[in-house]
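Just below is one structure, and these are the notes that go with it.
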Amino acid sequence: MEDCIFCKIAAKEIPGKIVYEDDVCLAFLDLSQTTDGHTLVIPKEHYSSILTADPEVVAHVYKVAQKVANQIVKNMGAAGCNILTNAGEVAGQTVHHFHVHIIPRYDENDTVTFKFTDRSKDVNLDDILDKIKG
Ligand code: AMP
Ligand code: ZN
């Protein structure tokens with residue numbers, strides 16, 4: 001897609017530090033390096049997010065993410081990692097080409113924060129379940 005930075009990386013029009021590549025996807029170092037080894041896995045074909053991507057492509061991207069994450073955790077000496085994707089600006093997506101972040105974690109006191117607030121006392125799970133089911 002024109003003017004998509006990740007399409008340009010996939011097409012080698014702009015350089016990326018490539019960790020893994022096959023016919024369908026590419027893994028390359030995230031410029032921000034939230035932690036050392038922070039890597040993105042993208043499909044070469046443009047999809048705006050996981051929500052609109054071909055399910056077969058999603059499956060392949062996650063399969064590759066698992067493989068690359070194991071390589072990173074082992075060779076970087078990480079204790080674990082977060083594997084996640086942001087869908088939509090409200091969820092923090094800034095580049096609108098589906099990508100999966102692999103963020104190695106070395107120490108629980110690092111600077112990465114994902115806070116999941118416990119709202120269990122304020123919500124009704126059955127109401128929410130009914131709503132999801134439609
Ligand atoms: P998100 O906020 O989930 O859309 O993540 C987009 C990520 O892309 C950010 O972590 C950026 O650091 C990263 N990024 C943006 N441009 C580039 C680039 N040219 N090469 C590598 N990573 C990039
Ligand atoms: Zn794109």
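First listed ligand is number 1; within each ligand, the first listed atom is number 1. As the structure is a prediction and not an experimental result, all values here were calculated from the model.
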Mind checking whether F28 has an N or O less than 3.5 Å away from an N or O of ligand 1?
no

What are the atoms of ligand 1, with element, lying closer than 4.0 Å to any heavy atom of I9?
18 (C), 19 (N), 20 (N)

Is the closest heavy atom of H101 to ligand 1 under 4.0 Å?
yes

In this structure, does ligand 1 have an atom that sits under 4.0 Å from one of the heavy atoms of G16?
no

May I ask you to list the atoms of ligand 1 that are less than 4.0 angstrom from any heavy atom of N86?
1 (P), 2 (O), 3 (O)

Quick one: closest heavy-atom pair of A65 and V100, and the distance?
CB-CG1, 4.1 Å

Please verify whether a non-hydrogen atom of T85 lies at under 4.0 Å from ligand 1.
no

Mind reading off the angle at the Zn ion (ligand 2) between the SG atom of C7 and the ND1 atom of H46, rounded to 10°?
110°

Pull out every atom of ligand 1 sitting under 4.0 Å from any heavy atom of L29, numbered as shown with elements.
21 (C)

Could you list the atoms of ligand 1 found under 4.0 angstrom from a heavy atom of S32?
10 (O), 12 (O)

Tell me whether L40 has any N or O atom under 3.5 angstrom from an N or O of ligand 1.
no

Against heavy atoms of H99, which atoms of ligand 1 measure under 4.0 Å?
1 (P), 3 (O), 4 (O), 5 (O), 6 (C)

Could you establish whether T34 and ligand 1 come within less than 4.0 Å of each other, counting only heavy atoms on the residue side?
no

Less than 6.0 angstrom separating the ring centers of F6 and F28, yes or no?
yes

Return a yes/no value for G92: is any of its N or O atoms, backbone included, closer than 3.5 angstrom to an N or O of ligand 1?
yes

